[in-house]
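Comments concern the structure below.
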Amino acid sequence: MRLFDGQAGRRLDLLAVKKYGLSVLQMMEAAGGGVARIVAGELAACKGRRVSVIAGKGANGGDGFVAARHLMSAGVDVKVFCTEPINNIRGEASVNAAIWMKMGGMVTRLSTKRDIERHSAEIRSSDVIVDAIFGTGLSSEVKGVVAGIIDLINGSQARVVAVDIPSGIDASTGGRLGPAVEADVTAAMAVPKIGSYLYPGRACSGRVEVVGIGLSIDLLDGVATGNVALITDALVSATLRPRRVDGHKGSFGHLLVIAGSAGMTGAAYMSGVAAMRTGAGLVTIALPESLNAVMEAKTTEVMTRPLPEAAGQRLGLVSYGAIIDALAGKTAAIIGPGLCTSDDTAELLSRLIKIIGKPLLIDASGLDAISTKLHLLKRLKCEIVLTPHPGEAGRLLGISADEVQSDRVGAAWAIAKKSGAVVVLKGAGTVIADSSGRVFINQTGNPGLATAGTGDVLSGMIGAFLSQGYGAMEAAYCGVHIHGICADEIKKSGVEAGMMATDLLPVIPRVLGGLSVGAGK
């Protein structure tokens with residue numbers, strides 16, 4: 001499912017007018033009619049009949065006036081409040097405001113604090129409130145009277161339907177621009193907006209319903225900036241390949257996991273077992289030799305490869321030759337889970353990355369080893385996946401984690417452009433980007449994943465797909481999506497707080513199998 005940025009609506013209007021001869025009024029009519037249908041559904045669900053439409057002066061407000069007209073025609077008790085004096089309403093929105101009033105509708109001004117005080121009880125008593133204040137064009141912080149209106153909306157018990165994007169949310173980044181409407185439903189015009197799937201916008205958008213406004217797919221494709229889309233069950237199912245009936249363990253890849261240090265064997269274990277659970281035919285964990293007995297006790301199906309080690313039970317340059325030998329015959333590799341961050345280990349990883357020559361996932365300490373050498377990855381003749389959390393992403397870009405979080409799509413894409421790799425920016429609403437401009441946003445998962453080791457499980461899952469011959473982007477979005485579904489399945493059993501990374505492992509095959517039904521057909 002394609003997503004639009006904050007400027008796409010205006011581009012869409014212009015292109016539809018130019019290519020099809022559609023008028024903005026016609027599209028506004030379709031948009032407002034769609035909003036009215038969603039509101040009618042909410043009224044039916046709550047057995048209500050009173051609606052307040054809060055309209056701004058622009059196109060979003062125009063959609064609100066159209067919705068109000070359709071609802072009034074259906075016998076709904078509708079009141080329209082406007083954040084501006086009626087003479088300030090612009091363009092096509094003013095046409096629909098005039099139609100509304102000619103049909104007997106009233107417009108109550110809500111442009112001062114005194115207006116808010118006077119009408120707050122009336123608005124709070126609504127069964128549904130329609131937020132038609134700003135839409136996707138908002139670029140500056142919400143202040144003053146409108147901030148007060150948003151507080152009023154959020155303080156009500158009414159169901160809230162936002163038009164296109166909740167007012168106060170940046171449609172391109174999901175960031176808050178001051179106070180933001182907390183909607184139960186967002187009626188997205190033609191295509192959902194990126195900001196409805198990135199936090200905090202995702203939390204404010206509620207259920208997103210797409211309102212068709214009569215435009216063709218090729219027109220929507222012509223308007224989109226880059227190629228930002230949601231990962232869906234359908235996409236993952238279409239990507240997954242059927243297992244060969246005559247296959248054997250060698251048919252499904254051999255993954256090498258270079259991982260582990262004193263106190264961190266669990267990370268190596270979880271990556272290795274997650275890879276097996278995701279369908280890799282063979283998995284070998286290469287780790288410091290003094291930890292090998294511990295790992296052999298932990299694992300059964302996963303093989304181990306003890307390596308010469310540096311002081312402190314860690315890998316170092318002394319391990320280099322043995323790792324090169326261990327890479328022979330492997331179809332993909334993971335570097336990083338549970339490794340320490342010493343200078344010696346960082347130098348080892350830096351050298352390995354340059355010569356590995358096969359699909360590679362770099363995580364954790366591996367990311368720190370390349371933080372100042374990101375551009376060198378472009379020279380490598382193999383597919384690479386990087387899996388940073390926001391702090392690691394910040395170090396790769398030389399910015400703070402907060403700056404990464406303020407524009408997750410932009411940050412993931414910046415790392416991808418610098419490195420040539422596929423980047424998995426972890427966190428709520430994981431973002432996956434490649435250097436060509438393709439971006440996928442994940443919808444699955446829950447706060448139960450915010451615990452130690454879940455990133456190691458994800459690395460193993462993506463690594464398993466790489467070892468089976470999937471492309472880097474396909475391996476990344478399949479792994480991320482399935483990882484999140486596993487957490488959602490566990491949550492259904494009543495476990496969220498207290499979920500552990502190892503809880504995901506036995507769930508992986510069942511989720512993978514459910515998505516694989518009909519794969520490749």
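Proximity of a side-chain donor or acceptor of His483 to a complementary backbone N or O of Thr454 within less than 3.5 Å is detected. Within the 3.5 Å criterion, the main-chain N or O of Ser205 finds a donor-acceptor partner in the side chain of Thr186. Checking side-chain atoms of Asn154 against main-chain N and O of Ala180 turns up a donor-acceptor pair under 3.5 Å. No side-chain donor-acceptor contact under 3.5 Å links Glu296 to the backbone of Ala293. Remark: side-chain polar atoms of Lys358 are paired, donor with acceptor, to backbone N or O of Leu327 under 3.5 angstrom. Without hydrogens or angle criteria, Ser172 side chain to Asp5 main chain gives no donor-acceptor distance under 3.5 Å. Between the Thr345 side chain and the Leu315 main chain, a donor and an acceptor come within less than 3.5 Å of each other. Judged by distance alone, with hydrogens and angles left aside, the side-chain atoms of Ser156 form a donor-acceptor pair with the main-chain N or O of Ile153 at under 3.5 Å. Remark: the backbone N or O of Leu177 is not paired with any side-chain donor or acceptor of Asp170 at under 3.5 angstrom. No donor-acceptor distance shorter than 3.5 angstrom exists from the side chain of Glu392 to the backbone of Leu367, with no hydrogens or angles considered.
The closest side-chain heavy-atom distance from Val181 to Phe134 is not below 4.5 Å. For the pair Met189 and Val163, the minimum side-chain heavy-atom distance is below 4.5 Å. When side chains are defined from C-beta on, Asp456 counts as touching Ser271, because their heavy atoms get closer than 4.5 Å. Side-chain contact between Leu255 and Met276: absent, with no pair of heavy atoms (C-beta onward) separated by less than 4.5 Å. Val385 has its side chain out of reach of Asp363: every pair of non-hydrogen atoms, C-beta onward, lies at least 4.5 Å apart. At least one side-chain heavy atom of Lys418 sits less than 4.5 Å from a side-chain heavy atom of Leu397. Looking at heavy atoms from C-beta onward, Thr173 lies out of side-chain contact with Val409 at the 4.5 angstrom threshold. Residues Ile231 and Ile432 are in side-chain contact: their nearest non-hydrogen atoms beyond the backbone lie under 4.5 Å apart.
Across Val422 and Ala476, no two heavy atoms sit closer than the pair CG1-CB, 4.0 Å. Between Arg351 and Tyr320, the shortest heavy-atom distance links the atoms CB-CE1, 3.9 Å. Here the closest heavy-atom approach between residue Ala464 and residue Ala275 is recorded as CB-O, 3.4 Å. Nearest heavy atom pair, residue Pro308 against residue Val318, reads CB-O, 3.7 Å. Heavy-atom minimum distance, Leu386 versus Ser419: CD1-OG, 3.9 Å. Nearest heavy-atom pair across Gly175 and Pro200 is CA-CD, 4.1 Å.
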Next item on the list: For salt bridge (Lys or Arg N to Asp or Glu O under 4.0 Å), just list the numbers for Arg241 and Glu474, CA-CA rounded to whole Å, side-chain angles, deciding distance to a tenth of an Å, and then say yes or no.
Entry: CA-CA 11 Å; Arg241 305 169 188 163; Glu474 290 70 28; over 6 Å; no
Next item on the list: Report the C-alpha distance between Ile508 and Val457 in whole Å, list the side-chain angles of each, state the deciding distance to 0.1 Å, and finish with yes or no for side-chain contact (heavy atoms from CB on, under 4.5 Å).
Entry: CA-CA 10 Å; Ile508 295 170; Val457 172; 4.3 Å; yes
Next item on the list: Quick one: do Ile356 and Ile335 satisfy side-chain contact (heavy atoms from CB on, under 4.5 Å)? Show the steps, please.
Entry: CA-CA 10 Å; Ile356 213 157; Ile335 290 180; 3.8 Å; yes
Note to self: side-chain contact (heavy atoms from CB on, under 4.5 Å), that's the test. Do Val439 and Val431 meet it? Break it down for me.
What the structure shows: CA-CA 7 Å; Val439 176; Val431 176; 3.8 Å; yes
Item checked: Step-by-step side-chain hydrogen bond (donor to acceptor under 3.5 Å, both in side chains) determination, Asp434 to Ser436 -> CA-CA 6 Å; Asp434 69 12; Ser436 75; 2.7 Å; yes
Checklist line | Check against side-chain contact (heavy atoms from CB on, under 4.5 Å), His254 and Thr284 | finding: CA-CA 8 Å; His254 190 167; Thr284 297; 2.8 Å; yes
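Surrounding CD of Gln7 are at most 12 heavy atoms belonging to other residues, nucleotides or ligands under 6.0 Å away.
In this structure, CZ in Arg305 is found 10.0 Å from CD1 in Ile323, a value given to the nearest 0.5 Å. Rounding to the nearest 0.5 Å places CD1 of Ile334 at 11.5 Å from CD1 of Ile362. Rounding to the nearest 0.5 Å gives a distance of 10.5 Å between CD of Glu489 and CG of Asn446. Here the SG-CG distance, from Cys486 to Leu505, works out to 9.0 Å after rounding to the nearest 0.5 Å. To the nearest 0.5 Å, atom CD of residue Gln468 and atom OG of residue Ser251 are 10.5 Å apart. Note that SG of Cys478 and CG of Leu240 are 4.5 Å apart. Values are rounded to the nearest 0.5 Å.
Between the side chains of Asp488 and Thr444, not a single donor N or O lies within less than 3.5 Å of an accepting N or O. With hydrogens and angles left out, the side-chain atoms of Thr341 and Asp368 include no donor and acceptor closer than 3.5 Å.
Paired with Tyr470 under the rule ring pair (Phe, Tyr, Trp, His ring centres under 6.0 Å), one option of Phe252, Tyr477, Phe465 passes, and it is Phe465. Applying the side chain to side chain contact (heavy atoms under 4.5 Å, CB included) test between Leu425 and each of Thr387, Val404, Thr430 identifies Val404 as the sole match.
The side-chain hydrogen bond (donor to acceptor under 3.5 Å, both in side chains) analysis of residues 372-386, with sequence neighbours excluded, yields the pairs Ser350-Lys373.
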